[in-house]
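As structure tokens, the structure follows; a few thoughts come after it.
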Number of protein chains: 2
Amino acid sequence: MRKDPSRATGRPTLAEVARIAGVSQITASRALRDVPTVDPGLVSKVREAAKALGYVPNPAARTLASARSQSVIVLVPALSNQLYIETLEAIHSVLRPRGYEVLIGNFHYSREEEEELIRNYLAFQPCGILLTGFDRTEASLHLLEANKVPCVHMMELTQAEDVFCVGFSQEDAGAVVARHLLARGKRRLAYVAAQLDARVLQRGEGFKRALAEAGVLDPALEIMVPEASSVGLGGELFGRLLRQHPDVDGIFFCNDDLAHGAIFEAQRQGIAVPDRIAFVGFNDLPMSAHIVPRLTSIRTPREAVGKHAAHLMLTLLAGAEVPDRTVDLEFELVVRESS
Amino acid sequence: MRKDPSRATGRPTLAEVARIAGVSQITASRALRDVPTVDPGLVSKVREAAKALGYVPNPAARTLASARSQSVIVLVPALSNQLYIETLEAIHSVLRPRGYEVLIGNFHYSREEEEELIRNYLAFQPCGILLTGFDRTEASLHLLEANKVPCVHMMELTQAEDVFCVGFSQEDAGAVVARHLLARGKRRLAYVAAQLDARVLQRGEGFKRALAEAGVLDPALEIMVPEASSVGLGGELFGRLLRQHPDVDGIFFCNDDLAHGAIFEAQRQGIAVPDRIAFVGFNDLPMSAHIVPRLTSIRTPREAVGKHAAHLMLTLLAGAEVPDRTVDLEFELVVRESS
DNA sequence: CTGAAAGCGCTTACAG
DNA sequence: CTGAAAGCGCTTACAG
């Protein structure tokens, strides 16, 4: 009658809940999972019994029996960029209250590491995966395909069929920055970028396309390095650019931290911002509203991306109709003192 | 003979590995878990079979059978402070290669939210928990106690028995800052703090104790607000302090971001740092080495805390003897231009 | 050192 | 709308 005490966890089980509620175990299971076919009277009996016992479902047993966990994986390229922290928080705020566990994987901007994470995490039988962008290995794509896990892509947009994505046009954002600097009367415009992931490249393309259209594109006015973006690197790259092209009069940095470093370096060299050189950053990190001079930047909708991506995932998990496979959340140019 | 195809995951199972290796399932299980009693010849046979099949253990089944997962929970008060990101990275780098899953819980500096996280995460039957500090609800303590999960505490030190902790003395760090400012000839010294978690209070205690010992403590020279620490708040609090006490000549900020904001505000007001007022921050965030003037700060050993805490957890999980229940990793005063 | 049996706590699939 | 049986894929506890 009693189970082997040496094996049990000691926690109340569904069988005990069912016994107290006077129903079968499977009915208790259905009641607690809100399966709609259960008699409302029984549902409340089961809920009471569960509450009285302090019953908490065992996720391992549930996952084993159903071959699917209640975990959603989120794969981001970095945690060192505040951007992704805010996205993750937004995802958590939507999925946790609905009973989903959110597992974070940081792939450090490495396709190989992302593939390894996907391989590992699939063993946990996640019910869904949130991915950053579209640039991944063939093997990653195969793994995702073969496991038939619902995927939502964040940060970038695509026109591809059967792909769910929530983001904004990185390329358009770059173009908006270019037009802003041109409107300020600047003509010797440079792109300074690090990390060089797909989105950084797209921003640069948009920026240069707009410059070309205005007839002021000088391909030499560009510094792109694969190292991680940082404040220190921003100062360094700014110094290098200035030595090579002393006539530069406007710079678009692929991320705010580079611009912050450049502002400090300009201050040390006594270079007037924005009068001699105007600066524009990207992402609008918290510091940008306070630095001297305050930094003009593109405000990216990262919280909205997280929220919408999570809601889209909920829709997919519910098996409901998805109104839009592509959600464009747009960005905003925040003009401050630096340009 | 074949299992019900509608239930199975389609992935290879331990039973198949065992069949191919020509051993029993339990021997295959032991071989793959490095149980030392298995014949080395059989171990290699099992490993080969597993590799050939592309076998990946099912964590849900393992957890259900053993009543213990391979997951280590890490509870941190915030992700918005770069400090904890670096600690988490260090923990990951130690535990992931050993096959442990690291689950991150952010309790947003709320004891109640931490309690809720503990309650939820215990359902996952973690094999260990890494906690931040010692300030938690009675219910949290009971839950941890009752579940007999190994715990390691990070960031603070205690002399309590049977408690494992890895950190440094927050109070001593505060005292070191005070002595540094005194050595610079400053006498009207203030503590500016936000968030007000236990560690922030400890730093303040150490700072004020040292000032009292030097006979220069003015209790009025202090601003402590419970809001979240941020760059913007730092500028605001600095402005407020200056209006109330125009003669202040040195400020210790409980976190670097406050000091950054104060530096910007001082720049706007034309106040000379460090000549009129010296600034010292805490944590030595990346920006502090670049801001103008470069910020003097306490470099906290957060990566080391993460690494040591993770290794301590591995020791506990292995059931091995722990040499030191308390690991003091110390801090370093990094003197730069701001003081 | 190896194994057959039982069990972990759920949900699926099928019946009624 | 409800339920008895079987099964998910492992490990534990016991034997030998």
Side-chain angles (χ1 to χ4, degrees), chain A residues 1-19 21-46 50 53-70 99 122-125 127, chain B residues 1-19 21-46 50 53-70 99 122-125 127:
Chain A
M1 207 83 268
R2 299 197 41 228
K3 33 189 181 172
D4 180 350
S6 60
R7 299 294 310 272
T9 56
R11 302 192 323 205
T13 66
L14 190 58
E16 298 174 50
V17 173
R19 195 168 42 74
V23 299
S24 73
Q25 184 171 324
I26 183 60
T27 295
S29 169
R30 291 190 184 112
L32 294 176
R33 278 180 295 135
D34 291 319
V35 175
T37 59
V38 184
D39 181 279
L42 294 186
V43 170
S44 49
K45 270 191 193 166
V46 170
L53 281 172
Y55 171 74
V56 181
N58 183 323
R62 178 174 277 185
T63 301
L64 183 59
S66 66
R68 187 112 298 183
S69 75
Q70 294 273 94
L122 284 175
F124 289 84
Q125 302 173 117
C127 56
Chain B
M1 209 81 269
R2 298 195 43 227
K3 32 188 180 176
D4 180 350
S6 61
R7 299 294 312 270
T9 57
R11 304 194 322 206
T13 66
L14 191 59
E16 298 174 51
V17 173
R19 193 168 42 74
V23 300
S24 72
Q25 183 172 324
I26 182 60
T27 296
S29 169
R30 290 189 184 113
L32 294 175
R33 279 180 295 135
D34 290 320
V35 175
T37 59
V38 184
D39 182 277
L42 294 186
V43 170
S44 48
K45 270 190 194 166
V46 171
L53 281 173
Y55 171 74
V56 181
N58 183 324
R62 178 174 277 185
T63 301
L64 183 58
S66 66
R68 188 110 296 182
S69 74
Q70 294 274 94
L122 284 174
F124 289 84
Q125 301 173 117
C127 57

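Lettering follows sequence order; numbering is per chain, from 1. Treat the numbers as computed from the prediction; the structure is a model and nothing was measured.
- Taken from CG in A/Leu32 to CZ in A/Arg62, the straight-line distance is 8.0 Å, to the nearest 0.5 Å.
- Going from atom CG of A/Asn58 over to atom P of C/dG9 covers 7 Å, rounded to whole Å.
- Taking atom CG of residue B/Leu32 and atom P of nucleotide D/dT11, one finds them 8 Å apart after rounding to whole Å.
- For A/Ser69 (side chain) and A/Gln125 (main-chain N/O), a donor-acceptor pair under 3.5 Å exists by modelled atom type.
- In the set C/dT2, C/dC10, C/dT12, C/dT12 carries the atom at the smallest distance from any side-chain atom of A/Ser66.
- Of all nucleotides listed (C/dT2, C/dC10, D/dT2), C/dT2 comes nearest to the side chain of B/Arg30.
- The shortest side-chain heavy-atom distance between A/Leu53 and A/Glu16 falls under the 4.5 Å cut-off.
- The nearest whole Å value for the distance from the CZ atom in A/Arg62 to the C1' atom in C/dG9 is 11 Å.
- Under the Watson-Crick and G-U wobble criteria, each requiring two contacts below 3.5 Å, nucleotide D/dA4 is left unpaired.
- Protein atom CG of B/Asp34 is 16 Å distant from nucleotide atom C1' of D/dT11, rounded to whole Å.
- Residue A/Thr27 places its side chain closer to D/dT2 than to any other of C/dC10, D/dT2, C/dC8.
- Checked by atom type, the side-chain pair B/Arg33/B/Ser29 shows a donor-acceptor distance below 3.5 Å.
- With D/dT2, C/dG9, C/dT2 as the candidates, the nucleotide lying closest to the side chain of A/Thr37 is D/dT2.
- The interatomic distance linking B/Arg19 (CZ) with C/dT2 (P) rounds to 20 Å, in whole Å.
- The two residues B/Val46 and B/Val17 come nearest to each other via the heavy atoms O-CG1, 3.8 Å.
- Comparing D/dG3, D/dC1, C/dC10 against the side chain of A/Ile26 picks out D/dG3 as the nearest.
- Both B/Gly10 and A/Gly22 sit near DNA chain D, but only A/Gly22 has its closest nucleotide nearer the 5' end.
- Distance from the side chain of A/Leu42 is smallest to D/dT2 among D/dT2, C/dA4, C/dC10.
- Searching all strands for a Watson-Crick or G-U wobble partner of C/dA13 with both distances below 3.5 Å returns nothing.
- Taking atom CZ of B/Arg68 as the reference point, atom C1' of D/dT11 lies 14 Å away to the nearest angstrom.
- Between D/dT11, C/dC10, D/dG9, one nucleotide has an atom nearer to the side chain of A/Tyr55 than all others, and that is C/dC10.
- B/Lys45 places its NZ atom 16 Å from the P atom of C/dC1, with the value rounded to the nearest Å.
- Checking D/dT2, C/dC10, C/dT2 against every side-chain atom of A/Ala65, the shortest atom distance belongs to C/dC10.
- Comparing D/dC10, D/dG3, C/dG3 by their nearest atom to the side chain of A/Val23 picks out D/dG3.
- Straight-line distance from the CZ atom of B/Phe124 to the C1' atom of C/dG9: 15 Å, rounded to whole Å.
- Within the 4.0 Å cut-off from OP1 or OP2 of D/dT12, at least one side-chain nitrogen or oxygen of B/Arg33 is found.
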Let me see the working for B/Val23 and B/Lys45 under side-chain contact (heavy atoms from CB on, under 4.5 Å), right down to the final yes or no. CA-CA 9 Å; B/Val23 300; B/Lys45 270 190 194 166; 5.6 Å; no
